[in-house]
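Worksheet: one structure, shown below.
Hydrogens, waters and symmetry mates are skipped; everything else that's a heavy atom, side chains included, is used.
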Amino acid sequence: MPLAVRAPEQSARTDEATPSAKLTTSKLAKASGLKTQALTERLITIGLLELRDGKTYLTAKGKEAGGEFRMSPKFGPYFLWPNDLPL
């Protein structure tokens, strides 16, 4: 009787994000129990974002914290943050 070869077990997929996963500001706000505007204000207060000429910019500190700026042709500019960003 031939030996059966078993495929390596794959980890079950969960909705939990991995520590290296990134979330948009709105999704991070929702996960933190905040409204997007409140989180944006908090990110400005702690120096990860800054306001210039009525627009929000990612600071060097924000980049060091893992923040990224993205531009979507469909949705416009947005930021990505580590899902475990300390707030």
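- Think of Leu80 as one node in a network of Ile, Leu, Val, Met, Phe, Trp and Tyr side chains linked at under 4.5 Å; its network also takes in Tyr78.
- Applying the ring pair (Phe, Tyr, Trp, His ring centres under 6.0 Å) definition to pairs two or more places apart or across chains, none involves residues 35-55.
- For the atom pair CG (Leu51) and OG1 (Thr56), the distance works out to 4.5 Å, reported to the nearest 0.5 Å.
- Sequence neighbours left out, the pairs with a member in residues 31-46 that pass side-chain hydrogen bond (donor to acceptor under 3.5 Å, both in side chains) are Gln37-Glu41.
- Sorted by first and then second residue, the salt bridge (charged side-chain N to carboxylate O under 4.0 Å, His left out) pairs involving residues 56-66 (not counting sequence neighbours) form an empty list.
- Applying the ring pair (Phe, Tyr, Trp, His ring centres under 6.0 Å) definition to pairs two or more places apart or across chains, those involving residues 31-75 are Phe69-Phe79.
- For the side-chain hydrogen bond (donor to acceptor under 3.5 Å, both in side chains) test, no residue two or more places apart in sequence or in another chain qualifies with Thr59.
- At least one side-chain heavy atom of Leu85 sits under 4.5 Å from a side-chain heavy atom of Leu48.
- The closest donor-acceptor contact from the side chain of Lys22 to the backbone of Gly66 lies under 3.5 Å.
- Identified under the ring pair (Phe, Tyr, Trp, His ring centres under 6.0 Å) test for residues 22-45, with sequence neighbours left out: none.
- Pairs of residues two or more places apart, or lying in two chains, that qualify as salt bridge (charged side-chain N to carboxylate O under 4.0 Å, His left out) and include a residue from residues 49-59 are Glu50-Arg52.
- In terms of heavy-atom proximity, Gly67 sits nearest to Pro82 at N-CD, 4.3 Å.
- Lys27 pairs by the side-chain contact (heavy atoms from CB on, under 4.5 Å) definition with Leu23, Thr24, not counting sequence neighbours.
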